[in-house]
Every structure is written in C-alpha cells, then in structure tokens.
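Residue numbers count from 1 along this sequence. Only a predicted model underlies this, so the values are computations on that prediction, with no experimental measurement involved. Any value given below was found using the heavy atoms of this structure, including those in side chains, with hydrogens, waters and symmetry copies removed.
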Amino acid sequence: MNQKAGIYIHIPFCRTRCSYCDFATGIYEGSLAERYVKTVIAEIESAQEGIRLAFDTIYFGGGTPSMLSPDQVEQILTAVRQRFPIDDSAEVTMEMNPGTVSIETLKAFRTLGINRASFGAQSFDDHELARLGRSHSVADTLKTFADLRTAGFGNVSFDLIAGLPGQTLSRWQQNVAQALRLAPEHLSFYLLEVHEGTPLAEHIRKGIQPVPDDDLAGVMYEDMLTQALDHGYEHYEISNLALPGFRSRHNTKYWTAAPYVGFGCSAHSFDGKNRRWSNERDVRRYVELIDEGASPVVDDQVLSASAVRAEAVFLGLRVMSGINLKDYRQLFGIDLVEKYNEDLTRFTEAGLVQLDGETLRLTRAGALLSNEVFAAFV
C-alpha cells in the first residue's frame with residue numbers, strides 16, 4: 001500500500017504554560033522565536049529523509065504555532081514546498097489557542113494555505129480553564145472561533161479535556177453541548193492525564209486540587225460519544241470524532257503506519273516501515289546543534305520485526321474501523337486470532353473487542369479500556 005506522507009513542524013512557544021502540560025514547550029520570546037524559525041528552515045533545507053515521497057499533509061503543532069507571525073509561517077512553508085513535493089490539495093493544519101490571533105492574522109494564515117485549524121478550547125467553563133492554567137477565557141474561545149469562520153476556515157477541530165479535578169458530569173455535559181452548538185467539523189476528546197513533574201501533579205499531591213475521578217471520566221467519555229453521534233459525528237478513532245469528510249488526514253497517518261517527517265525540537269519521524277527517529281527536545285540545544293552543523297536527532301532506532309507487528313495491532317485498533325485480519329496475515333504471515341486466541345476470547349466475552357469476519361475492532365467499551373487490550377499485543 002503506497003500511502004502518502006506527512007510533514008510535522010513543531011513550534012514550542014506558548015503565551016503561558018498550562019498546569020498539565022508535559023510537551024516540549026516554553027514561554028514565547030520574540031528573539032528566540034526568530035532564531036528558531038531560521039533553524040527549522042535550515043533543518044528542512046538540509047533534509048535527506050523523505051525527499052522521494054509524495055506528501056499530502058503539513059501539520060504545525062506545539063506549543064502554540066499561531067503565535068508565529070504570518071511572515072514566519074510563510075518562510076517555513078516556502079522552505080517545505082521547495083524541498084518536498086506537496087499535493088495541491090494538501091491538508092495544512094495549524095494548532096491555535098483562543099485569544100492568540102487576530103482576524104487579520106487568521107486571514108493571512110488562510111491566504112498562505114493553512115486550511116485546517118486545531119483549536120484548543122479545552123473547556124467552556126472559566127473556572128475550569130483557570131484551574132488548568134489556561135491563558136484564555138470562554139469569551140476568547142467564542143470570539144476566535146467566530147473569527148476563524150470569518151477568515152474562511154471551513155475545517156476546524158476543537159480539543160476538549162474531560163476528567164478534570166473537581167469536574168462534575170453536568171458541567172462536562174454543558175461543555176460538550178456548547179461545543180456541538182458551535183458545530184466544528186472535528187472534535188478531539190482527551191481524558192486528563194496527570195504527568196509527574198507538572199504543576200498539576202504537584203497541586204494534586206499537596207491537596208490543592210482533588211484527585212481526578214477515573215470512573216467519572218469514563219462516564220463522561222460515553223456521554224460525549226452519545227451526544228456527538230446524535231449530532232452526526234463519526235467516532236473514527238478512540239479520541240477523535242468528525243463530521244463526514246472531515247477526518248484528520250495527518251493524524252490518521254500515525255495510526256495507519258504511513259510515513260511522516262518531523263522538523264523542530266522534539267519532532268518525531270517514521271519511515272513507514274521500521275525506523276523511527278526524534279529530535280533534541282530542548283529548544284536552545286536544538287538550535288545549537290543545527291548551528292554547529294550537527295544532526296538534531298538524539299534517538300534513532302530500527303524496530304524489531306515483533307515490534308513492527310505489535311505496532312500494527314495497537315495502532316490499527318485505535319481506528320474504530322479496526323484491523324483487516326486478511327491484510328495482517330498477508331503482511332506478517334501471522335494469524336492474529338490463532339496467535340492471541342485466549343486473549344481475544346477473554347476480550348470478546350468482556351465486550352471489549354468485536355470479531356466480525358475478517359475484521360477485528362474495539363467496541364465503545366473497549367475504546368475506553370484500550371490500554372488493557374493493547375497490553376496483550378506488546
């Protein structure tokens with residue numbers, strides 16, 4: 001299967017750092033951002049990997065990529081298009097946070113070819129946003145979303161987080177209802193993960209914020225699916241829903257073993273076969289490495305045959321359409337049902353997976369408990 005590739009560009013700058021964030025991000029500094037953009041362009045211009053592939057997605061992630069100026073984004077896109085063959089109909093996504101962009105900036109981004117916005121709404125409750133350390137308000141979210149529409153963005157994805165400390169089911173239901181009233185084309189839904197070393201983890205340890213209720217978060221997940229499906233959304237991946245025709249083409253590459261090439265600090269790449277590599281995480285060290293003419297890659301590994309087979313299962317099962325067992329047998333020479341009969345029987349009886357002819361897929365209950373299923377294949 002010849003899948004087209006994607007390009008990921010990491011922009012690590014934010015206006016503030018959220019209390020739960022474990023990503024490679026830092027507070028925006030104008031001079032560092034300018035230097036960083038030049039460094040990313042230098043990395044792109046010197047790239048050897050992927051130049052023989054065809055690309056149909058570009059994704060600006062972060063951080064808050066929309067904090068870059070249109071001129072800086074244009075410089076990066078120009079370098080990408082000069083170095084790689086990009087489809088004219090490519091999906092070009094930019095992650096954005098409410099209150100960080102003006103209508104003029106959004107129009108400029110749209111003119112540059114940015115045609116999809118991944119929008120960090122997270123919650124429609126100002127108290128919840130404050131507890132998360134978010135720098136925006138609900139009013140900012142509503143205004144920026146209206147500006148996106150005015151600027152010509154017809155493909156917008158909302159991020160929402162459930163299972164926040166102290167969050168009630170009724171408050172979550174109101175969050176989802178508000179999101180659905182705005183009718184974005186795509187919804188990404190996340191259960192809060194508390195990472196050690198983050199301010200949120202420290203607040204919970206000290207009792208400043210309550211321990212999140214995992215069981216309640218599961219109820220919230222089910223409620224989100226019910227409401228969204230009733231509004232015409234398709235549940236196409238564990239954490240993602242979309243109106244027909246608006247699935248994330250870029251993120252789908254991660255779950256279907258398509259190749260992608262990443263640029264910028266902490267960016268990851270995959271050759272579509274068995275090699276994964278990633279860049280230096282620290283922003284300043286990444287810049288230094290490029291300036292010195294050295295490779296920014298700090299981890300480069302070739303996966304074993306068993307690891308490739310395992311990834312094909314647990315990444316493939318993230319997509320709700322499931323795994324084609326016939327294709328898996330032809331690719332790896334292994335019958336999944338035969339090899340994992342005991343586990344699959346147990347999961348089927350528990351209502352976590354469904355075996356339908358040549359298709360193995362997670363059920364809705366299995367999507368919520370997916371890590372328990374995936375552990376059997378690793």
Verdict with supporting geometry, D159 and S188, side chain to side chain contact (heavy atoms under 4.5 Å, CB included): CA-CA 5 Å; D159 286 354; S188 290; 3.3 Å; yes
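- With sequence neighbours excluded, no residue forms a salt bridge (charged side-chain N to carboxylate O under 4.0 Å, His left out) with E45.
- Applying the salt bridge (charged side-chain N to carboxylate O under 4.0 Å, His left out) rule to D291 yields the partners R35; only residues at least two apart in sequence or on another chain are considered.
- With rounding to the nearest 0.5 angstrom, the CZ atom of F158 is 4.5 Å from the CG atom of L182.
- Under the side-chain contact (heavy atoms from CB on, under 4.5 Å) criterion, T226 pairs with D230, R364, not counting sequence neighbours.
- Applying the ring-ring contact (aromatic ring centres under 6.0 Å, His included) test to pairs two or more places apart or on separate chains, those with a residue in residues 64-102 are F55-F84, F84-F263.
- Y36 pairs by the ring pair (Phe, Tyr, Trp, His ring centres under 6.0 Å) definition with F13, Y286, not counting sequence neighbours.
- The two atoms that bring D125 and R171 nearest to each other are OD2-CD, 3.1 Å, heavy atoms only.
- Residue pairs meeting the salt bridge (charged side-chain N to carboxylate O under 4.0 Å, His left out) criterion with at least one member in residues 260-276, sequence neighbours excluded, are E49-R275, R275-D300, R276-E311.
- Applying the salt bridge (charged side-chain N to carboxylate O under 4.0 Å, His left out) test to residues at least two apart or on different chains, the pairs with a partner in residues 250-270 are D56-K253.
- For residues 322-338, the salt bridge (charged side-chain N to carboxylate O under 4.0 Å, His left out) pairs, not counting sequence neighbours, are R329-E358.
- A salt bridge links K38 to E34: one of the charged nitrogens lies within less than 4.0 Å of a carboxylate oxygen.
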With a cut-off of 3.5 Å and sequence neighbours excluded, list every side-chain donor-acceptor pair involving residues 344-355.
residue: T345; atom: OG1; partner: N341; partner atom: O; Å: 2.7
residue: R346; atom: NH2; partner: D343; partner atom: OD1; Å: 2.7
residue: T348; atom: OG1; partner: L344; partner atom: O; Å: 2.7

Please list every donor-acceptor pair under 3.5 Å in which a side-chain atom of residues 103-120 meets a protein atom from a residue at least two apart or in another chain.
residue: E104; atom: OE1; partner: S102; partner atom: OG; Å: 3.4
residue: T105; atom: OG1; partner: S102; partner atom: OG; Å: 3.0
residue: R110; atom: NE; partner: G152; partner atom: O; Å: 3.2
residue: R110; atom: NH1; partner: I114; partner atom: O; Å: 3.3
residue: T111; atom: OG1; partner: K107; partner atom: O; Å: 2.9
residue: N115; atom: OD1; partner: V92; partner atom: N; Å: 2.8
residue: N115; atom: ND2; partner: A90; partner atom: O; Å: 2.9
residue: R116; atom: NH1; partner: T93; partner atom: OG1; Å: 3.4

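- Using a 4.5 Å cut-off between side-chain heavy atoms of Ile, Leu, Val, Met, Phe, Trp and Tyr, with links allowed through other members, Y236 and L360 fall into different hydrophobic clusters.
- Considering only residues two or more places apart in sequence or on other chains, H250 meets the ring pair (Phe, Tyr, Trp, His ring centres under 6.0 Å) condition with Y59, Y254.
- Among residues at least two apart or in separate chains, ring-ring contact (aromatic ring centres under 6.0 Å, His included) pairs with a member in residues 350-378 are Y340-F377.
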